[in-house]
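Below is one structure, written out as structure tokens, with a few remarks after it.
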2 protein chains.
Amino acid sequence: MATIRDVARAANVSVSTVSLFLSQPHRVSEATRERVSSAVDKLHYRPNGTARDLRTRRTNTIGVFLHNLSGPFYSELIAGVEEITDTLGLTTIVSGVSKNQLQGSLRLLREGRVDGAIILDPDIESRDLRRYASASLPVVVLDRGLSAALQSDYVTAVAADHQEGGYLAGRHLLDMGYSRFIFIAGPIDSEDSRLRHRGFFNALHEAGVDTMTVPVVHGDFKEKGGAQAMSALLNNGLAADAVFAANDEMALGVMQTLSLKNIRVPADIAVMGFDDIRLARYVSPSLSTIHQPMYELGRAAMTQLDRAMSGETRIPPVTLPTTLVVRESTASQQKKAGDNYYAAP
Amino acid sequence: MATIRDVARAANVSVSTVSLFLSQPHRVSEATRERVSSAVDKLHYRPNGTARDLRTRRTNTIGVFLHNLSGPFYSELIAGVEEITDTLGLTTIVSGVSKNQLQGSLRLLREGRVDGAIILDPDIESRDLRRYASASLPVVVLDRGLSAALQSDYVTAVAADHQEGGYLAGRHLLDMGYSRFIFIAGPIDSEDSRLRHRGFFNALHEAGVDTMTVPVVHGDFKEKGGAQAMSALLNNGLAADAVFAANDEMALGVMQTLSLKNIRVPADIAVMGFDDIRLARYVSPSLSTIHQPMYELGRAAMTQLDRAMSGETRIPPVTLPTTLVVRESTASQQKKAGDNYYAAP
DNA sequence: GATACTCATTGAATCGTTTCGAAGGAGGGG
DNA sequence: CCCCTCCTTCGAAACGATTCAATGAGTATC
């Protein structure tokens, strides 16, 4: 590979002139511009990014660290991030799809290969984040308790309002006339699941439902986990008319189990998810859920990151609203409710 | 940030000793090892990756360039790549999800920020690839005509056998007794679509079907495009009993249109896709399709890349088999076929 | 006791850029 | 004719690591 020295020699100018030509062509005279330009072409010169990074102490790259790429879900998030990075002249790289990639992701942070990071990966520990975050490499965490942001000047947070989402789900089910609930939670240490749980129970409590009597089972946020949780509940002879799963994947599993046992959704039991993944719209019956604004989350995260990269510290966390999406799996219970609470005509 | 000099000073040794300690601790004496180690801890020293890259001329990073992340489809591919990079001690980064990110992706290539690249993005031109590929940055292209690989010593290719896939689709529809076909192709310049098309027609031709009479419409590989293509065909009063779409997304669009027009699948018309995206299993009726082994493709690509990074040149391209996945959307036509070809009992 | 060998340590060069201060020359104003 | 300014170009010093040949001390060999 030709270096800037080779170009300088070929064009008979100094290295600094070539560098100047590269960054601000108008600053060199017509004549040299020509010579340098043709030398660049002839030698197929391409600047070495690593050398530039070393000298400028910037990589012009920001990293998005995910533990999963499934669905347009995350792809939307990334698109949101990229909308902003594009306007800032930064390049976005994504890392950390599989578990074992964790080391590689940390390396990018540790060795300062990016100028900033957006992290949506529960496997990356907050301690590591605090250690690696700095003025020259600020970090935005997504969907981790907002409290995480308070620990360091260079870490801030963006999250969907999971608690409100849980509340919306609860209200919706109540509004539709359901009264005997089951909650299928995520992993015990999932902050998201905890907040959705709390919001859900708040809604029930407000309506006078004794939440102590609402069974809670923990799943793993995956389809199979949801299916197993539901099976277990049914085998225990549990009766209910509405299931709220802490995410759509598990809700799909729930529907699968119900379908296997010939329990009709929503006639016999309603199912509600959280996330609004693409599949939710396509399954039959289609799944009512709480929509998370992934694109907006991506935009917000990158906006925060940009502020941090511009020197701002202790940026307050941002919470984005979720919205209720009503589909077939929670169709009105009016009829059934009528059977229960009103005298038959 | 502390540098290696700071550590050296704190530990009262030379920079080279610290460097040696970092890479081969057993090579420094017990005493200095202690001192250096504690200096490292005290100063929170972390080596600067950029400086190391510059000196060693390696980044230990390989890039995967995608134009799309939708579905576990690509996430599988990345997982396959990562399985290999993990064992090689390399870090995988993904780039190029949105259109405007193209520049950023090219920058990573142009400026040599990765040691190798796997490319699945029709928007990155082959010309650029040939220009940027080199012994120190070999490239593997996915799902681009294999011929692309023949153009440079440092570019090789991996692809699913699209033509065979198309053939399998054709055979399957014929076996099920369908006889009047429609093909919904991808964009005109999609090599993949062309191969699927050719395979499909080969099967029909073999069975004595006059492929000249099979209508072909070009879509954009997206759901909406498939829906529009199908609408257009129906409005033209076209009759058919089987539609083969060049990918699942378009097949979904086709099913949507059919459902709107109250045409039953597969009773009135069969639909077949290509890719085997996750949704294919969930829609109703579920979609018969051709499965692409994404995980294996990722593994194969990374394996090729590793060989190239080890100095091998002109590595022959690899083709992986596709498989037929039969679901509900192409249920047997026996009854209908009976009506057509056999005397009713 | 001289020679050879091992082992830990070091100084200096190098990777390929950017950047800063200064030099040199041209042109304009007084 | 001199001084000032502006423009173009340049040399040299970073940036922070790795690497290699050289040094010196200690030990083994004969």
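Residue numbers begin at 1 in each chain, while the letters A, B, ... track the order of the sequences.
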Are there any protein N/O atoms within less than 3.5 Å of an N/O atom in nucleotides 6-9 of chain D, and if so, which ones and at what distance?
unit_1 : atom_1 : unit_2  : atom_2 : d
D/dT9  : OP1    : A/Ser29 : OG     : 2.9
D/dT9  : OP1    : A/Thr32 : OG1    : 2.9
D/dT9  : OP2    : A/Ser29 : N      : 3.1
D/dT9  : OP2    : A/Thr32 : OG1    : 3.1

[X] and [Y]: which non-hydrogen atoms are nearest, and at how many Å?
{"X": "A/Ala117", "Y": "A/Leu137", "answer": "N-CD1, 4.0 Å"}
{"X": "B/Arg144", "Y": "B/Pro122", "answer": "NH2-CA, 4.0 Å"}
{"X": "B/Ala160", "Y": "B/Gln292", "answer": "CB-OE1, 3.3 Å"}
{"X": "B/Leu90", "Y": "B/Thr61", "answer": "CD2-N, 4.5 Å"}

| task | Check every atom of D/dT18, C/dG16, D/dG16 against the side chain of B/Thr56 and return the nucleotide holding the closest atom. | result | D/dT18

| query | Which nucleotide, D/dT18, C/dA12, C/dT17, lies nearest any side-chain atom of B/Ser16? | reply | C/dA12

| Distance-only donor-acceptor test, B/Arg55 side-chain atoms vs C/dT14 base atoms, 3.5 Å | yes

Between atom [atom1] in [X] and atom [atom2] in [N], what is the gap in whole Å?
{"X": "A/Asn60", "N": "C/dT18", "atom1": "CG", "atom2": "P", "value": "12 Å"}
{"X": "A/Leu54", "N": "D/dT18", "atom1": "CG", "atom2": "C1'", "value": "13 Å"}
{"X": "B/Ile4", "N": "C/dT14", "atom1": "CD1", "atom2": "C1'", "value": "15 Å"}
{"X": "A/Glu111", "N": "D/dT18", "atom1": "CD", "atom2": "C1'", "value": "14 Å"}
{"X": "A/Met1", "N": "C/dT17", "atom1": "CE", "atom2": "P", "value": "8 Å"}
{"X": "B/Asp53", "N": "C/dG16", "atom1": "CG", "atom2": "P", "value": "13 Å"}
{"X": "B/Gln24", "N": "C/dC7", "atom1": "CD", "atom2": "P", "value": "13 Å"}
{"X": "B/Phe21", "N": "D/dT19", "atom1": "CZ", "atom2": "P", "value": "17 Å"}

| said: Using C1' atoms of five pairs at each end, report the bend of the helix from C/dG1-D/dC30 to C/dG30-D/dC1 rounded to 10 degrees. | reply: 50°

| field | Pairwise salt bridge (charged side-chain N to carboxylate O under 4.0 Å, His left out) hits with a residue in residues 24-37 of chain B, at least two apart | value | B/Glu30-B/Arg33

| query | Knowing that exactly one of B/Val94, B/Val141, B/Leu108, B/Val97 qualifies, which makes a side-chain contact (heavy atoms from CB on, under 4.5 Å) with B/Phe65? | reply | B/Leu108

| If only side-chain N and O atoms of B/Ser19 are considered, is one of them under 4.0 Å from the OP1 or OP2 phosphate oxygen of D/dA17? | no

| Does D/dT18 have OP1 or OP2 sitting under 4.0 Å from an N or O in the side chain of B/Arg52? | yes

